[in-house]
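Below, chains carry the letters A, B, ... as their sequence lines are ordered, and counting in each starts from 1.
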Protein chains: 4
Amino acid sequence: MSTNNQGEGGRRGRPRDAALRQRILAAAAELATREGVDVGFDRIARAAGASRTTLYRWWSSPHELLLDALLEAVQFSHETEGPGAAIETLRAQVAMAGRVLSDPVTGGALRALAAGALVDEDAQRRFQEHWLTPRRDAARLLIVQGMAEGSILKRDPDFVVDVLFAPIYHRVYFTGQPVDEELFDELIRLIAVPGQ
Amino acid sequence: MSTNNQGEGGRRGRPRDAALRQRILAAAAELATREGVDVGFDRIARAAGASRTTLYRWWSSPHELLLDALLEAVQFSHETEGPGAAIETLRAQVAMAGRVLSDPVTGGALRALAAGALVDEDAQRRFQEHWLTPRRDAARLLIVQGMAEGSILKRDPDFVVDVLFAPIYHRVYFTGQPVDEELFDELIRLIAVPGQ
Amino acid sequence: MSTNNQGEGGRRGRPRDAALRQRILAAAAELATREGVDVGFDRIARAAGASRTTLYRWWSSPHELLLDALLEAVQFSHETEGPGAAIETLRAQVAMAGRVLSDPVTGGALRALAAGALVDEDAQRRFQEHWLTPRRDAARLLIVQGMAEGSILKRDPDFVVDVLFAPIYHRVYFTGQPVDEELFDELIRLIAVPGQ
Amino acid sequence: MSTNNQGEGGRRGRPRDAALRQRILAAAAELATREGVDVGFDRIARAAGASRTTLYRWWSSPHELLLDALLEAVQFSHETEGPGAAIETLRAQVAMAGRVLSDPVTGGALRALAAGALVDEDAQRRFQEHWLTPRRDAARLLIVQGMAEGSILKRDPDFVVDVLFAPIYHRVYFTGQPVDEELFDELIRLIAVPGQ
DNA sequence: TTCTAAGCGAGACGGTACGTCCCGTCTTGAC
DNA sequence: GTCAAGACGGGACGTACCGTCTCGCTTAGAA
């Protein structure tokens, strides 16, 4: 991960080129979407007009780079307090997941990240830590809240998270079935307490 | 896919070496599990004591080879008639999926196949056609039957298939959570008509 | 060194491309002369229209390659019997050394080989073994013979070899002074028994 | 070459760090001897505890730096007047050359300088101008003097210089033969008028 | 038997990407 | 003005696979 140690005060050497960093992240996401999932430093560097050496200086693998790119692109809001009831905010999260996975820009990067996670153990750990876990945690909070409110079936919260999100990943990554509002509705309906 | 054109009768030249084919399939599955997902013809050939040329003659990519290896390893039974009710047979199918995904031998190959599907479009098509679709079809049949019997909630059958199987793939491929009998029970319970 | 194991009988795989080998050797010598001493596999491969991989298959360093190229270019004759007296044949050898060192084709390769020998210990050993020693041995033979005949001063033969050849290398490699017939005459005159 | 523009008086900015310069020169010579001939600014800087920028400020190549280092290390005495006859002083010069070339400290640097001269034209010019020519001039003076005295054979003085020094370089750089008092004696004996 | 088609191993070849190392230039802050 | 720190582009390195190709040997049914 690109450790951004420019924090406090006057660093000594030549300062890092921020614009270049942006160009690299953008090029990586763009390539993952357009050219396909198998992105290497070589092509990213060429596309960004940067030197391969520079990429190696800041990231130890294309997977790390793509993760950075994705995280900056989505600007995940950790707010879990929606205006309405817990189950409504939860539906919004589910829908957001579907949209990010389907989006031409973020979707390509995410698919590459998932493929990397399947291939490499470190990549899987990174993918979990920086992408999956934060989102699962946010969802779990709402689920527990919904259970307390009586609007969500009382099950293992982690299991409920799986039921809500796994089908979305599955459709986008493997079956190619539609990911639309109807799906989100059905998912929520499945874990909601009936007759509410 | 290994076009097995030995069908009818006396072909002219030297007959294909069946034992060799088995060694290759076994080596491929074994490598995918032990060495990791990124298997190439080179290493498979070396591990099987075969020549790279021979692999290229019969398969056009490691993905195809692995698919062959997997399909022969699992011997999928297309029987949908179980001894009991539809929902019981369905649970057996869900459990079987979980076991195949977790099994050290078949699990490795499957993970490699999934990774390939994420990377390459052709691979995704193959993976669907030969692995996912047959299993989804079998499950859908039982689901429709269960709905008619009144034991399964009336929803879009394809949606129910996703709910039952996607969490399993998700746990094995991404989150690493346990895939056990309890999970299978919860999955079935979620789509079963309550108070049955 | 390119081990040419095509000797006896029917080898199994695809046979080595002899023409390609020649193109590579020629390109290497040509580059060493024209572009300068610092030749790498990269540029040789490009110049020869070959793949870098192929060069690595046959030689483990540009130094080895250049040595091969040189040895095939000069076709050193190990004959020490000249038509005339020993000292005459010796003079011919001295002159030949001067010509090979000054020649635009062989000279470039030799300069590169010498530079390599100065930098790397293995290269120095190779350079001695395949270039210097054979030529020194041939000269020493004549020198001993000349001493017996009474035409050459009685000194340590190795010392005489140095005196005859070192000035030539020195002029070509370091001082840039002329290497001509006059020099050869003076060298021979210096080690000849006077009044002969 | 390190342009030493500290000559007269009050320069404006921070004065050059003389101790640092010494550390750099020492580190360069030491590295050339210990690590091998292929020395770059990078390693020299690290070894001297200096910044690469500083090296680039004062020298335009490692070759120049090494030349500086060598010239300061040997403190060549341009005195040609020895206590005895010309030929004795000449022998002392020959012996000195042998010692400098064999010395672990100066020898490494010299070998690197020679290698550089073989590779690069500018380096060769520098090597001649600052190393070879001054020494050759001093020797030539003595040789001419010796010829007038009748103690040295009447030949082209430059040729005699070659005969005296080239074998030494040749042995150290290429053949690895011993460079000892016996060799010096033989060299002098060869160009001396016999029966003196 | 001989002929001929196919299977198979061995290995050459061009090509692409990899991760590393060093180079030379540059931009900054501190002294 | 000197120096250290460090970013950056660039080039070559040696390695690992990839996909294609040209061979020779083997196996078997067909002529």
> By a strict heavy-atom criterion of less than 4.0 Å, which residues belonging to residues 45-56 of chain B are in contact with DNA chain F?
B/Arg46, B/Arg52, B/Thr53, B/Tyr56
> Nearest whole Å is fine: how far is E/dC23 P from D/Leu65 CG?
12 Å
> Once you round it to whole Å, what is the distance between C1' of F/dC17 and CZ of B/Arg43?
9 Å
> Do A/Glu72 and A/Arg21 sit within salt-bridge range, that is, some charged N less than 4.0 Å from a carboxylate O?
yes
> Please list, chain by chain and in numerical order, all residues satisfying salt bridge (Lys or Arg N to Asp or Glu O under 4.0 Å) with A/Arg111, sequence neighbours excluded.
none
> Heavy-atom nearest nucleotide on DNA chain F for C/Arg14 versus B/Pro62: which residue maps closer to 5'?
B/Pro62
> Tell me every residue that passes salt bridge (Lys or Arg N to Asp or Glu O under 4.0 Å) with B/Arg23, counting only those two or more places apart in sequence or in another chain.
none
> Whole Å only: how far is the CG atom of C/Leu20 from the C1' atom of F/dT22?
15 Å
> Side chain to side chain contact (heavy atoms under 4.5 Å, CB included) with C/Arg14: which residues, sequence neighbours excluded?
none
> Run the side chain to side chain contact (heavy atoms under 4.5 Å, CB included) test against A/Ser51 and tell me which residues pass, sequence neighbours left out.
A/Thr53, A/Thr54
> I want to confirm an ordering. Mapping D/Ala18 and B/Phe41 to their closest nucleotides on DNA chain F, which one lands closer to the 5' end?
D/Ala18
> Could you give the CG-to-C1' distance, from B/Asp42 to F/dC18, as a whole number of Å?
8 Å
> Would you jot down, in residue-number order, the residues of residues 23-38 of chain C having a non-hydrogen atom under 4.0 Å from DNA chain F?
none
> Should B/Trp58 be listed as having a side-chain N or O under 4.0 Å from OP1 or OP2 of E/dG7?
no
> In whole angstroms, how far is the P atom of E/dA12 from the CZ atom of C/Arg16?
8 Å
> According to side chain to side chain contact (heavy atoms under 4.5 Å, CB included), who are the partners of B/Gln128, at least two apart in sequence or on a separate chain?
B/Gln124, B/Leu132, B/Thr133
> Let me know the distance between CD of C/Gln22 and C1' of E/dC13, rounded to the nearest Å.
17 Å
> Measuring from the side chain of A/Arg12 (C-beta onward, heavy atoms only), which nucleotide among F/dA5, F/dG24, E/dC13 has the closest atom?
F/dA5
> Just how far, in rounded Å, is P of F/dT20 from CZ of B/Arg57?
13 Å
> How would you list, by chain and number, every residue that makes a salt bridge (Lys or Arg N to Asp or Glu O under 4.0 Å) with A/Arg46, sequence neighbours excluded?
A/Asp42
> D/Trp59 has an atom CH2; how far is it from atom P of F/dT2, in whole Å?
13 Å
> Please identify each residue that fulfils side chain to side chain contact (heavy atoms under 4.5 Å, CB included) with A/Ala73, with sequence neighbours left out.
A/Thr106
> Does C/Arg16 count as lying over the ring of C/Trp58, i.e. NZ or CZ under 6.0 Å from the six-ring centre, within 45 degrees of the axis?
yes
